[in-house]
2 protein chains.
Amino acid sequence: MDRELLKQIVDRYEAANFLVNRRLNAMIRELMPEELTIDQFATLRYLRMNEKSTSSELADIFCVGKSSITAIITRLFDKSLLVRIPDDKDRRVTYLALTEEGKRMCDMMEEKIHTLLSKFITQFDEQEALSFIHTFEKLAARLMQGEEYRDENHTEV
Amino acid sequence: MDRELLKQIVDRYEAANFLVNRRLNAMIRELMPEELTIDQFATLRYLRMNEKSTSSELADIFCVGKSSITAIITRLFDKSLLVRIPDDKDRRVTYLALTEEGKRMCDMMEEKIHTLLSKFITQFDEQEALSFIHTFEKLAARLMQGEEYRDENHTEV
DNA sequence: GTAGAATAGTTTAATAATAGAACTATATCA
DNA sequence: TGATATAGTTCTATTATTAAACTATTCTAC
């Protein structure tokens, strides 16, 4: 790929990404119930799909420090949306699980977001949408690989 | 597009988007100099490309309230990365412009981010990258249209 | 031409997410 | 067993954010 073209593609990616994320986030924020933030919902959603994960796992997936996760988890716990379940094999470990209310809340929001995104996605023809998603997933996979960036950074000490 | 397929595409989009943004943000955060946050950089970058915009314009583009912009602008001003230039036609208006140091800082970061993104983008063949970007830009354009979501929300009465 | 409405931007107070360091408790390993 | 590593929390400070109240202007409709 030629140098100039690459630069253009990178620029265009940055610009589109910025717009899409800012707009979508704003739209999703509006769908949220008063008591839930986007990051809190993202946490609920992850736990909905991954029963019994831990703070450390969340910190890894979300690319933030563990103290950040503790704060979010505490807020969700205070709202009775999840519980902490100590592992009895390794007593350092605490599993996280949604309460019934947490699941309900998560499903309700997931539904609303689905409706929102569907409006935009249905504007593309099937083949274009599938190609796009396919490339997006490849990009995601490649970002997951080049993981040298972690440690030293989002883990304390 | 059939209902089940649509649901799958939306799910896949959500998952890929989450991964890509979290990872990329983490990687970019690491490139940042000590004194600059990602949001501050995004502000610099916008002003670099759009000379003489205003707080209100930034609030619109970034989909946040004006007081949020005031806070970021003040921090960048304190670091001597930008200046406020009052309009002498309409004295309510204040234009924002980068200082030379602001421009240098912005260019330096832009360069670093370019290098990072290039690593990933060059892994795709030219045609795939171009199709992807094309669809991404269409999505961005459509999100810009359905703007009913603003007002009442990110503008203070 | 003036009163009332709209607009641009700031201030203030409160909340959330975050980093980083210090800490507790537990487990692993050599 | 003693040193080291790991899981998670607490604490402190910073940043981004909202919402509401506010100042200073400009616009507008009468």
Side-chain angles (χ1 to χ4, degrees), chain A residues 21-22 25-26 28-30 32 34-44 52-60 62-79 81-96 150-157, chain B residues 21-22 25-26 28-30 32-44 52-60 62-79 82-96 150-157:
Chain A
N21 283 120
R22 288 280 176 170
N25 254 342
I28 292 172
R29 216 181 304 136
E30 277 180 60
M32 289 287 161
E34 186 63 36
E35 71 271 27
L36 210 61
T37 67
I38 288 196
D39 289 313
Q40 287 167 18
F41 168 66
T43 306
L44 290 185
K52 284 211 161 190
S53 54
T54 65
S55 282
S56 297
E57 183 181 337
L58 283 170
D60 267 11
F62 282 65
C63 303
V64 295
K66 286 185 296 178
S67 58
S68 196
I69 300 297
T70 298
I72 291 182
I73 292 301
T74 299
R75 283 178 204 115
L76 291 171
F77 175 81
D78 290 346
K79 290 166 192 156
L81 297 175
L82 57 72
V83 289
R84 291 172 158 104
I85 303 172
D87 182 16
D88 36 72
K89 294 284 171 50
D90 184 340
R91 287 167 49 196
R92 291 169 303 182
V93 175
T94 305
Y95 296 110
L96 303 167
R150 270 210 274 96
D151 298 273
E152 314 305 322
N153 302 294
H154 303 297
T155 49
E156 294 90 326
V157 176
Chain B
N21 283 121
R22 287 280 176 170
N25 254 341
I28 292 173
R29 216 181 303 137
E30 277 180 59
M32 289 287 162
E34 186 62 36
E35 72 269 27
L36 210 61
T37 67
I38 289 196
D39 288 313
Q40 287 166 18
F41 168 65
T43 307
L44 290 185
K52 285 210 159 192
S53 55
T54 64
S55 283
S56 297
E57 183 181 337
L58 284 170
D60 266 12
F62 283 65
C63 304
V64 295
K66 287 185 296 177
S67 57
S68 197
I69 299 297
T70 298
I72 291 184
I73 292 302
T74 299
R75 282 176 205 118
L76 292 170
F77 175 81
D78 289 346
K79 290 166 191 157
L82 57 72
V83 289
R84 291 173 159 106
I85 302 173
D87 182 16
D88 35 73
K89 293 284 170 50
D90 184 341
R91 288 165 50 195
R92 291 168 303 182
V93 175
T94 305
Y95 296 109
L96 302 167
R150 270 209 275 99
D151 298 272
E152 313 306 320
N153 302 294
H154 303 298
T155 48
E156 297 89 327
V157 176

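Throughout, protein chains are lettered first and strands after them, A, B, ... in sequence-line order, and every chain is numbered starting at 1. Predicted, not measured: the structure shown is a model, and the values here were computed from it.
The terminal axes of the helix from C:dG1-D:dC30 to C:dA30-D:dT1, fitted over 5 pairs per end, subtend an angle of 20° to the nearest 10°.
The nearest whole Å value for the distance from the CG atom in A:Leu82 to the P atom in D:dG8 is 13 Å. Taking atom CZ of B:Phe62 as the reference point, atom P of D:dT15 lies 17 Å away to the nearest angstrom. Spacing between atom CZ of B:Phe77 and atom P of C:dT11 amounts to 11 Å, rounded to whole angstrom units. We find that CD1 of A:Ile38 is positioned 11 Å from P of D:dT17, with the value rounded to whole Å. In this entry the distance linking NZ of B:Lys66 with P of D:dT25 reads 15 Å, nearest Å. Spacing between atom CD of B:Glu35 and atom P of D:dT15 amounts to 11 Å, rounded to whole angstrom units. Rounding to whole angstrom units, CG of residue B:Asp60 and P of C:dT7 are separated by 12 Å. Taking atom CD of B:Gln40 as the reference point, atom P of D:dT15 lies 7 Å away to the nearest angstrom.
Relative to the side chain of B:Ser67, the nucleotides D:dT25, D:dA19, C:dG20 differ in distance, and D:dA19 lies closest. For A:Thr70, taking side-chain heavy atoms from C-beta onward, the closest of the listed nucleotides D:dT17, C:dA17, D:dT10 is D:dT10.
For B:Thr37, a side-chain nitrogen or oxygen approaches OP1 or OP2 of D:dA16 to under 4.0 Å. Close to D:dT9, at under 4.0 Å from its OP1 or OP2, lies a side-chain N or O of A:Arg84. Note on B:Arg75: a side-chain N or O is less than 4.0 Å away from OP1 or OP2 of D:dA16. For A:Arg92 and C:dT28, the shortest distance from a side-chain N or O to OP1 or OP2 is not below 4.0 Å. Phosphate contact (OP1/OP2 of C:dT10, side-chain N/O of B:Ser55, threshold under 4.0 Å): present. Phosphate proximity of D:dT17 to A:Arg22: present, with a side-chain N or O under 4.0 Å from OP1 or OP2.
Residue contacts for A:Thr54: at a heavy-atom cut-off of 4.0 Å it reaches the sugar-phosphate backbone alone, with no base atom in range. As judged by a 4.0 angstrom heavy-atom cut-off over every strand, B:Ser56 is placed among residues touching the sugar-phosphate backbone only. No contact: A:Ile69 has no heavy atom under 4.0 Å from any strand.
Every pair passing salt bridge (Lys or Arg N to Asp or Glu O under 4.0 Å) that includes a residue from residues 81-90 of chain A is listed here, sequence neighbours excluded: A:Asp90-A:Arg92.
For the pair A:Tyr95 and A:Lys52, the tightest heavy-atom approach, listed with the atom from each and the gap, is CD2-O, 3.3 Å. The nearest pair of heavy atoms linking A:Arg29 to B:Cys63 is NH1-O, 3.7 Å. What you find for A:Leu96 and A:Thr54 is that their closest heavy atoms are CD1-C, 4.0 Å. Between A:Gln40 and A:Glu35, the shortest heavy-atom contact is OE1-O, 3.6 Å. Summarising the geometry of B:Leu36 relative to B:Phe41, their closest heavy-atom pair is CD2-CB, 4.1 Å, with the distance given to 0.1 Å.
When each of A:Asp90 and A:Ile72 is assigned the nucleotide of DNA chain C bearing its nearest heavy atom, the one mapping closer to the 5' terminus is A:Ile72.
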- [ ] Determine, stepwise, if the pair B:Met32 / B:Ile38 fulfils side-chain contact (heavy atoms from CB on, under 4.5 Å).
- [x] CA-CA 7 Å; B:Met32 289 287 162; B:Ile38 289 196; 4.3 Å; yes
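Residue B:Leu58 forms a side chain to side chain contact (heavy atoms under 4.5 Å, CB included) with just one option from B:Val64, B:Thr43, B:Thr70, B:Ile72, and that option is B:Thr43.
For B:Thr94 and C:dG9, a side-chain-to-base donor-acceptor distance below 3.5 Å is absent, hydrogens and geometry of angles not being considered.
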